[in-house]
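Because only heavy atoms are used, hydrogens play no part in the values below, and waters and symmetry mates are left out as well, while side chains stay in.
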Amino acid sequence: MSPRRTETGGRIDRLRTIRFTFDGAPYTGHAGDTLASALLANGVTLFGRSFKYHRPRGLLAAGVEEPNALVTVLRGEVREPNIPATMVEIYDGLVAVSQNRTPSLAWDVSAINQLGGKILSAGFYYKTFMGPVIGPLKGTRFWMFCEHFIRRAAGLGKAGTAPDPARYERMNAFCDVLVVGSGPAGLMAAKAAADQGARVILVDLEANFGGSANWSGETIDDMPAADWAQRTVGQLEGNDNVRLLPRTTVWGYYDGNTLAALERVTDHKEVAAKGEPRQRYWAIRAGTVVLATGSFERPLVFPGNDRPGVMLAHAAERYAVEYGVLPGQRIALFTNNDSAYRSALALKKAGAAIVAIVDVRSDVSNDMRRLASEAEAELLDGHAVVATEGGKGLTGLKVQRFDATSGALSGDERSIHADSLLMSGGWSPTIHLASQAGAKAEWNPARQAFLPPKPKQSWPNQQWIGAGAFTGSFSTAEAIAEGRAAGLQAAGGAASSAPLPVVEAAPGDPDPAPVFEIKAKGKSFVDFQHDVTAEDVRLAHREGFVSVEHLKRYTTLGMATDQGKNSNVPGLAIMAEALGKPIPEVGTTRFRPPYTAVSIGSLAAERFGDLKPERLTPMHDWHLANGARMYSAGLWYRPMIYGLAGETVEQAYVREAKATRESAGIVDVSTLGKIAVQGPDAAEFLDRVYTNMFSTLAVGKARYGLMLREDGLAFDDGTTWRLGEQEFLMTTTTANAGKVMQHLEYFLDVIWPELKVTVTSVTDEWAGAAIGGPNARAILASCVTGTAVDNASLPFMGIVHGRIAGVPVMICRLSFSGEMAFEVYSGAGYGTRVWEALIEAGKPFGLVTYGLEALGTMRIEKGHVTGAEIDGRTTARDLHLDWMLSKKKPFIGSAMMDREGLIAPDRLELVGLIALDNRPLNGGGHIVEELDEANPHDSLGHITACCYSPALGKYVALALVKGGKARHGTRAFVSDPLRNRFGPIEIVSNHFYDPDGSRMHG
């Protein structure tokens, strides 16, 4: 028998022994144990070290709110840090290690931080290291010296570097009613809704449904509450319209009643079954949500409240009843409410000795005195715990008389020998999801807690309904009644007069005394994980951080992995007292998703190994088969070069660009953003979106357009084709396709809803090939049927329709390379067929395929801009595109584009650069008037794009330089200390090649 394992009781399977290791030491537990319960059963009291002071910490809770017992789980070389031991189900071969300690949990050298005292108080990193003058370490230099050590000390668990081999899944689910939480309220809500025929999903983050019924010791319908819960779950399992999701945490509540959930599918298994993912991400879209998420017990704030052996009372009750584990042999309880008395009685029945119940209230009810008597505990009413004793485990506590009204202590201290102290400071409803949904918490002075707002008549379409402890109804009978009512309401059913299950429970008043802190000598912790003390909260007040949001950030209260589930309300109460205001005036912080940590693997799901989707053009396989070297650009995989044997990247793109200028080249442009703009007001809409006119554009013609942001800065450019009176095809840069689509939708939905226009992303519907060069027209003419492509039939910016290889195509004559060029679009499914037909037709002319490097080279030679120049800081004038700014109409950004700062004469302007030392230039290199390699300074601007120009036979670049146009013909220097590139350059026009456009026009 383990040191603290009870002889009987619990949900565990005592016939199955599980072997695991913690910090390298072997332990055993039973099937059904968590890592926390198994270690506690083996007599382990030390589970972790706190963040700042490295104080020894034991278990505080039994669920997801646990702040102290964070561990790293190892599977081979894969590490997953910061997992509460309370949420780790043990399995054979489990390997877990403690965190934030060196060299061991028992002997941590960083525990010396406890001697830091006020030096390490709230905001110490802002103040302590910024001002001392110690020799050469003046001001911020001292901080820079200390920063390395502070960063090494930051964090708790150590992230792994090994690739995660696990598989993850993503699922979409739709239901009429989503019930979050499977305690008595949640079970009744799910059953009531299911009985009405509604499609129901019941979700609970624990492995077993039932919530508090599994450990309350109550009786429901003449059977143990846990048995009643399992019977109800069995009834739900038999319904085809019910989906049960255990081990699933709903972590986000979003618009449209969409909720995000994470299912831990195989985290509790030694080996996953074939095809099973490790975790599954659920996107659940519900008609109505029933929030039955329960509540968290709060700790009390008093000196030594963080010592190993000090635990929440309900957590101890759970360990005893659910897992058959006692937190200690001699147990004392400290409380401000009645719920601790039930815990004392449950622990007594499990075999523990209850030595004392310390209650801050002097008017304890007769029912509670009777329960204390049944637990054979000495009742010390009107007393408070003022200190705890022990090292890495509790050995005793000190109590003193306490006035709950004034908060004053009196009389002599009294010592009590105990190895476990259980505290109960009241209960906080788990309102996180409601807060995420936009509900503003309301303070309830009786419950001394923030509750969700009550439904109002002005909310006819309210999409969530609360039930049980979530609403502040802490009794099981109330939870069952509210759960059934919520389920019926969610499913659209009428109120039922059928009898409710009968609950037999211990008496108790759920309202606590308004006591949160016992002011006595010693550190009293509010946030256990981040070592935030009551004095830190008062220090924040003295230093002016009186807003709850500022308090949170200055002290880091509630910013740990537990997100303040235990510490939020006590911290607010202490701040309220310091301000001399009631708690509701101080308010609470807004809860934001995720409710608990979410693995990146689950968010990526099937796209394992990628944080971005792999977008492939229709011709992708052809590129690979024909020697293309691919890279990612704007979420797409595109050819960089089509290298020959032994060629460098520079040699390849120079060859491709030169061949295109001499004869012809073809490039895949399927990745350009393509948006269909249609409707009676389409032309008017484009006039407002673009800086130039599009309503005057003839059908069958295209026009180059520029967009500005609302602040007057350049946003995107591209061509838009008029295919009909009310139909346009807009093209955007590859990287900005999604942003432009959002931009258009925003203005149509919010700013100009009266416009009759629809916009549709059709990027993936079209395959595109651009063929350019002196022989481009001849190649096209040899393979196109159904249309002529001569200058009269297809002038510059003209559009024609024909066929290539029998495939319908749309051809527009426009150029990005500066040569006579044509863009050929076909349906995406026929992209490769048209591509191959064009290449076959080009063979007699020496047509080459070219990649992005050659494309970039030719655009630099022509001085065309892309995202490197339209970087969110430049204006149309900076880019010499002011000729496109219409004076006949307003457009997005026109009201702001002439601000003083945007027309200043010293703004960065687009120029060309030529390297006078004939060496490569680098993007990001700075331009300076005077070269100082030892101390680079006084930058005039920077390089945005560079290449070797086969047309000029020189290394050239585009750059943004102060007063750029006025500097044409002058000399300066490139200063690039990171890459040790310094040298002379000449500043010239950005139009290096064919400035009059004669080649483009043929």
Side-chain angles (χ1 to χ4, degrees), residues 669-670 672-707 716-733 737 740-741 744 747-748 752 754-763 765-772 776-777 780-781 784-804 807-816 820-828 830 834 883-886 888-892 997 1000-1002:
V669 293
S670 304
L672 291 175
K674 293 174 278 292
I675 301 172
V677 183
Q678 299 166 314
D681 296 324
E684 167 66 18
F685 176 58
L686 292 175
D687 279 348
R688 299 183 188 185
V689 168
Y690 281 118
T691 64
N692 47 334
M693 297 288 288
F694 275 82
S695 57
T696 58
L697 182 64
V699 175
K701 296 283 285 184
R703 181 168 290 167
Y704 178 57
L706 175 69
M707 296 182 193
D716 196 66
D717 68 336
T719 60
T720 290
W721 310 2
R722 191 163 197 170
L723 306 181
E725 285 298 327
Q726 300 182 9
E727 182 179 4
F728 295 81
L729 177 66
M730 174 189 291
T731 67
T732 74
T733 57
V740 171
M741 186 67 184
L744 302 181
F747 277 91
L748 280 176
W752 304 313
E754 73 280 1
L755 292 182
K756 297 177 180 178
V757 181
T758 61
V759 291
T760 308
S761 175
V762 293
T763 300
E765 302 301 317
W766 294 95
I771 181 169
R777 192 201 302 272
L780 205 58
V784 174
T785 61
T787 182
V789 293
D790 58 276
N791 198 57
S793 303
L794 188 53
F796 185 64
M797 288 292 187
I799 303 167
V800 296
H801 296 267
R803 289 179 176 270
I804 295 177
V807 177
V809 295
M810 181 166 57
I811 305 170
C812 184
R813 182 178 159 194
L814 52 84
S815 177
F816 189 64
M820 176 179 287
F822 306 83
E823 288 188 5
V824 180
Y825 283 174
S826 66
Y830 295 96
V834 172
W883 57 274
M884 299 182 69
L885 302 176
S886 175
K888 299 179 181 179
K889 66 178 180 74
F891 48 84
I892 296 172
M1000 181 170 60
H1001 293 284

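Side chain of Arg813 to backbone of Val800: no donor-acceptor contact under 3.5 angstrom is found. A donor-acceptor pair is defined here as one N or O able to donate and one able to accept, closer than 3.5 Å; no such pair exists between the side chain of Lys888 and the backbone of Asn692.
The OG1 atom of Thr731 lies 8.5 Å from the CG atom of Asp716; values are rounded to the nearest 0.5 Å. Between Ser886 atom OG and Phe891 atom CZ the span is 6.5 Å, to the nearest 0.5 Å. Note: Thr760 OG1 to Met730 CE = 12.0 Å, rounded to the nearest 0.5 Å. Atoms CE and CZ, on Met1000 and Phe816 in that order, are 12.0 Å from each other to the nearest 0.5 Å. For the atom pair CZ of Phe685 and CG of Asp681, the computed distance is 10.5 Å after rounding to the nearest 0.5 Å. Distance CG/Leu780 to CD1/Ile811: 4.5 Å, rounded to 0.5 Å.
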Apply side chain to side chain contact (heavy atoms under 4.5 Å, CB included) to Thr733 and Asp717, showing your working. CA-CA 7 Å; Thr733 57; Asp717 68 336; 3.5 Å; yes
Review point. Given the rule in the side chain to side chain contact (heavy atoms under 4.5 Å, CB included) test, do Met810 and Ile799 qualify, once you have shown the distances and angles that lead to the verdict?
Key: CA-CA 7 Å; Met810 181 166 57; Ile799 303 167; 3.8 Å; yes
* Test side chain to side chain contact (heavy atoms under 4.5 Å, CB included) on Tyr704 and Met884 and set out the steps. => CA-CA 9 Å; Tyr704 178 57; Met884 299 182 69; 3.5 Å; yes
Do Val689 and Met707 pass the side chain to side chain contact (heavy atoms under 4.5 Å, CB included) test, and can you show the C-alpha distance, the side-chain angles, and the key distance before you say yes or no?
CA-CA 6 Å; Val689 168; Met707 296 182 193; 3.8 Å; yes
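The shortest side-chain heavy-atom distance between Arg688 and Leu755 falls under the 4.5 Å cut-off. When side chains are defined from C-beta on, Val699 does not count as touching Leu723, because their heavy atoms never get closer than 4.5 Å. Side-chain contact between Thr719 and Met797 is present, with heavy atoms from C-beta onward closer than 4.5 Å. The side-chain heavy atoms of Leu686 and Phe728, taken from C-beta on, include a pair separated by under 4.5 Å.
When all heavy atoms are compared, the tightest approach of Leu794 to Arg777 is O-NH1, 4.3 Å. When all heavy atoms are compared, the tightest approach of Ala737 to Ile675 is O-CD1, 4.4 Å. Minimum interatomic distance between Ala682 and Val757 (heavy atoms only, all atoms of both residues): N-CG2, 3.7 Å. Looking at every heavy atom in both residues, Lys701 comes nearest to Pro795 through NZ-CG, 4.0 Å. Ala770 approaches Glu823 most closely through the heavy-atom pair CB-CG, 4.1 Å. Across all non-hydrogen atoms, the minimal contact from Ala702 to Trp721 is CB-CD1, 3.5 Å.
A cation-pi geometry, defined here as NZ or CZ lying under 6.0 Å from the six-membered ring centre and within 45° of its normal, holds between Lys674 and Tyr825.
Taking the salt bridge (charged side-chain N to carboxylate O under 4.0 Å, His left out) definition, one finds that Arg703 meets it with nothing, sequence neighbours left out.
Residue Lys756 qualifies as open at atom NZ: its count of foreign heavy atoms under 6.0 Å is 12 or below.
Side chains of Ser695 and Asp687: a donor-acceptor N/O pair is present below 3.5 angstrom, by distance only.
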